[in-house]
Amino acid sequence: MKKINVITIDGPSASGKGSLSKEIANSFDFNLLDSGALYRLYAYLSNMSFTLNEIVGQIRKNVNFDLNDKELLINYLDNDITSDLRTEVIAKTASKLSSIKEVREALFNIQRNFYDGGVLVADGRDMGTVVFNDAKLKIFLTASSQERAKRRYLELQNRGQEVNMPALIADIEERDLKDSSRELSPLFPAEDAHIIDSSNLSLEEVFSITENLINKEFI
Ligand code: DC
């Protein structure tokens, strides 16, 4: 299989994939795909009673992504909806909708189109197993559910959202179970993925491990 210039970063929610992917994209000036944001956008737009085809059209025409040094901003019709997409309610709806075959198929081409020949960092659940199974470098990032709940707690608190730690741990474990036991594209590491457990590692330490892998593969 011909390998393409993609780095896939898969893993469960709040494993640090988002921060790592942004750090890599910014440091190396690579393109970034946050596939979870597409599922969240799908959930957000389905609340507005659009049909599946209309949602795909809305995402293609009216959504744009803007990576600054801190975060990936998501604009819909020129409004910044990043915080609206990062709520636990949208995350739960996105997780539910992501088990529907038609939804995954509709988002498949949009995700594939993020690859334009330049190096792409693709963050998600099935980047290395399905969408970019032909990627040159695959990372599977994981961490304990307690540690991931702690990280999500801080993230939501920083956004000024109400959070409850026991509820957050329960939500994360429920979502893990759904994401890894669904029939279509379940969450699991690709055969050729490098597995990194970040429970006891800082973002800098995880970045340094991946930086070495990137230097070997791409530079
Ligand atoms: O990474 P995230 O929390 O933003 O993702 C939100 C939901 O979208 C997640 O619970 C499952 C789904 N998802 C998916 O099924 N496949 C992906 N590649 C990315 C996300």
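The basis for the numbers below is simple: all heavy atoms, side chains too, and nothing from hydrogens, waters or symmetry mates. In this chain, numbering begins with 1 at the start of the sequence shown. Numbering of ligands and ligand atoms starts at 1, following listing order.
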Side chains of residues 118-130: which donor-acceptor partners sit under 3.5 Å, not counting sequence neighbours?
residue	atom	partner	partner atom	Å
R125	NE	D179	OD2	3.4
D126	OD2	R104	NH2	2.9

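- Under the side-chain contact (heavy atoms from CB on, under 4.5 Å) rule, Y42 has a single partner from L97, T93, I90, which is L97.
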**OP:** Might you work through the ring-ring contact (aromatic ring centres under 6.0 Å, His included) test for F114 and F65, ending with a clear yes or no?
**Re:** CA-CA 11 Å; F114 271 76; F65 298 89; 5.7 Å; yes

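- With respect to the salt-bridge test (charged N to carboxylate O, under 4.0 angstrom), the residues D171 and K92 qualify.
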What are the distances between nitrogen or oxygen atoms of ligand 1 and protein nitrogen or oxygen atoms, counting only those under 3.5 Å?
residue	atom	partner	partner atom	Å
ligand 1	1 (O)	K17	NZ	3.4
ligand 1	1 (O)	R125	NH1	2.8
ligand 1	3 (O)	R40	NH2	2.9
ligand 1	4 (O)	R40	NE	2.6
ligand 1	4 (O)	R40	NH2	3.3
ligand 1	10 (O)	D179	OD2	3.2
ligand 1	15 (O)	S98	OG	3.4
ligand 1	15 (O)	R104	NH1	2.9
ligand 1	15 (O)	R104	NH2	3.4
ligand 1	15 (O)	R182	NH1	3.0
ligand 1	15 (O)	R182	NH2	3.0
ligand 1	16 (N)	R104	NH2	3.0
ligand 1	18 (N)	S35	OG	3.0
ligand 1	18 (N)	R125	N	3.1
ligand 1	18 (N)	D126	OD1	2.9

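- Taking the side chain as every heavy atom from C-beta outward, V56 and R60 approach each other to under 4.5 Å.
- A salt bridge between D34 and R86 is present, with a side-chain N of the basic residue lying under 4.0 Å from a carboxylate O of the acidic one.
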